[in-house]
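Residue numbers count from 1 along this sequence. Just so it is clear, the values below take in all heavy atoms, side chains as well, and ignore hydrogens, waters and symmetry mates.
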Amino acid sequence: MRPDISSAIAAVEIASLTKRFGTATAVDALSFTAESGRVTGFLGPNGAGKSTTLRALLGLVRPTSGTATFDGRTYEQLEEPASRVGVVLEDTAFHPGRTGRDHLRVLAAAGGHPDARVDEMLVLVGLADDGGRRVKGYSLGMRQRLAIAAALLGDPSVLILDEPANGLDPPGIRWLRDLVRGQAKEGRAVLVSSHLLAEVAQVVDDVVVIAGGRLRARGTLAEVLGHEGGGAAVRSPDSDRLASLLTAQGAKISRTGPDELLVGGMPAARVGEVAAAERLVLHALGDRSRSLEDAFLELTGEPAAPPPGGPSA
Ligand SMILES: Nc1ncnc2c1ncn2[C@@H]1O[C@H](COP(=O)(O)OP(=O)(O)OP(=O)(O)O)[C@@H](O)[C@H]1O
Ligand SMILES: [Mg+2]
């Protein structure tokens, strides 16, 4: 029986989840949710604890404390987990001698899904012409597509993808984006992890950013990464005076070189006006919007790179 996606409350809830391996804490009192009909990006650098969190959600690692549930139930408590939750983990293993189609057939039989789903899924993931080939001859990207086909076999209401873009080429990444969007549009909760913000920035509705196992930020992409807004970069031989003038006007100044300033919260036009009013010489001036990637790096604890090649960058 297929779940009624439209009425199912398919939210994922991670509540005060902690996972220690020996003395190392991989996940530290982490809480967040993923909602139906939305794509939630689960972001963090390598080793942040993303896979461990997803594995705890799927009952593959036992939490030290806290819970990870689907609509209040653990994975083990779900009545039809294969139809409820579709999963692509990092290390999906396939029987190399089996064809892609046979691989899906075995899973369909095990999960009680109609055999016709197999060919539908091969078409959906762009493997219609390769279903008869042995998986050992598949490229990394083809294996990834096959794993996604397997995850979708049971028409799940929650889709969990751990670093799904690994191995995909640019057209593959675009295809994945469209697929992820489409799955959320049909009402599924899609939780997709990545260590690369750029890979998911275009499709996520909500983001959860973690580093060192801890929550760093959560909210919509704009809420999380849009916070300090734009600013300006300026170079002046009189940078000390300029800095104090701009500070007096409410800007946040950081020095990026002997005569270079990064001006937070003030556009270049206003910086130019302040400088002109005091007849200060400027050697360069430009707007500098904080890129999503800068914001992500700041959030995850690594310092933002100075502007390449001077303040106009
Ligand atoms: N089975 C395990 N035994 C011991 N330590 C583990 C185990 N699994 C994960 N860890 C540790 O937990 C931390 C988080 O790892 P995890 O795989 O969850 O990170 P991740 O965010 O998925 O990283 P990546 O982006 O590299 O996939 C790491 O320090 C890792 O070494
Ligand atoms: Mg991982």
Side-chain angles (χ1 to χ4, degrees), residues 2-6 8 10-12 34-43 50-51 54 57-58 70 81-92 94 100-101 103-105 107-108 111 113-114 116-131 133 135 138-208 220-221 292:
R2 277 167 48 174
D4 178 356
I5 290 168
S6 55
V12 166
E35 306 297 335
S36 302
R38 298 178 73 83
V39 181
T40 303
F42 187 29
L43 301 170
K50 304 179 297 293
S51 296
L54 299 180
L57 183 58
L58 297 164
F70 299 92
S83 298
R84 187 68 195 273
V85 183
V87 185
V88 177
L89 289 181
E90 280 176 315
D91 45 5
T92 313
F94 299 103
R101 180 177 284 108
H103 177 77
L104 294 182
R105 280 213 178 110
L107 290 177
H113 314 310
R117 284 289 286 174
V118 169
D119 282 307
E120 280 172 41
M121 291 306 100
L122 285 171
V123 170
L124 182 72
V125 302
L127 289 177
D129 294 337
D130 298 294
R133 290 175 56 194
V135 173
Y138 276 19
S139 69
L140 189 57
M142 290 166 74
R143 283 168 204 242
Q144 198 64 3
R145 287 167 188 259
L146 183 61
I148 292 169
L152 292 173
L153 266 180
D155 201 2
S157 44
V158 179
L159 188 58
I160 295 174
L161 306 172
D162 195 7
E163 306 268 358
N166 280 351
L168 293 180
D169 55 13
I173 289 176
R174 181 176 302 171
W175 163 80
L176 179 70
R177 255 182 219 145
D178 292 345
L179 180 113
V180 161
R181 264 271 119 254
Q183 295 295 316
K185 219 171 164 188
E186 289 173 20
R188 296 178 184 85
V190 185
L191 179 58
V192 51
S193 86
S194 180
H195 60 281
L196 290 174
L197 172 67
E199 259 171 19
V200 297
Q202 290 177 36
V203 293
V204 294
D205 299 300
D206 302 311
V207 288
V208 174
T220 64
L221 190 65
L292 288 178

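In this structure, Arg174 places its CZ atom where only 12 or fewer heavy-atom neighbours from other residues, nucleotides or ligands lie under 6.0 Å away.
Considering only heavy atoms from C-beta on, Trp175 comes within 4.5 Å of Ile148 through its side chain. Side-chain contact between Leu191 and Val208: absent, with no pair of heavy atoms (C-beta onward) separated by less than 4.5 Å. Considering only heavy atoms from C-beta on, Leu57 comes within 4.5 Å of Phe70 through its side chain. Two residues are said to be in side-chain contact when any heavy atoms from C-beta on lie closer than 4.5 Å; Val203 and Val190 fail this criterion.
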Intermediate values then yes/no, side chain to side chain contact (heavy atoms under 4.5 Å, CB included), Leu124 and Leu179: CA-CA 9 Å; Leu124 182 72; Leu179 180 113; 4.0 Å; yes
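Each of Val88, Val85, Val192, Thr40 was checked for a side chain to side chain contact (heavy atoms under 4.5 Å, CB included) with Ile160, and the lone residue meeting it is Val85.
Considering OG of Ser157 and CD of Glu186, their distance stands at 12.5 Å, rounded to 0.5 Å. Separation of atoms CG (Asn166) and CG (Leu161) is listed at 11.5 Å; rounding is to 0.5 Å. In this structure, Leu153 CG and Arg117 CZ are separated by 7.0 Å, a value rounded to the nearest 0.5 Å. The CZ atom of Arg38 sits 4.0 Å away from atom CG of Asp206, with the distance rounded to the nearest 0.5 Å. Atom CE of Met121 sits about 10.5 Å away from atom NE2 of His113, to the nearest 0.5 Å. Going from atom CD of Gln202 over to atom CG of Leu197 covers 10.5 Å, rounded to the nearest 0.5 Å.
No donor-acceptor distance shorter than 3.5 angstrom exists from the side chain of Gln144 to the backbone of Ala165, with no hydrogens or angles considered. Side chain of Arg101 to main chain of Asp119: no donor-acceptor pair is present (N/O by atom type, distance under 3.5 Å, no hydrogens or angles). A donor-acceptor pair under 3.5 Å is formed between the side chain of Arg145 and the backbone N or O of Val125. With hydrogens and angles disregarded, no donor-acceptor distance shorter than 3.5 Å links the side chain of Arg188 to the backbone of Asp155.
Looking at every heavy atom in both residues, Lys50 comes nearest to Leu43 through CD-C, 4.0 Å. Closest non-hydrogen pair, Leu140 versus Gly167, comes out as CD2-CA, 3.5 Å. Tyr138 and Asp130 make their closest contact through OH-O, 2.7 Å (heavy atoms, listed as atom of the first residue, atom of the second, distance). Considering all non-hydrogen atoms of both residues, Pro156 and Gly86 come closest at CB-N, 3.3 Å. The two atoms that bring Ala149 and Leu104 nearest to each other are CB-CD1, 3.9 Å, heavy atoms only. Contact between Gly131 and Leu122 at its shortest, heavy atoms only, is CA-CD1, 4.0 Å.
A salt bridge links Asp205 with Arg181; the closest basic N to acidic carboxylate O contact falls under 4.0 Å.
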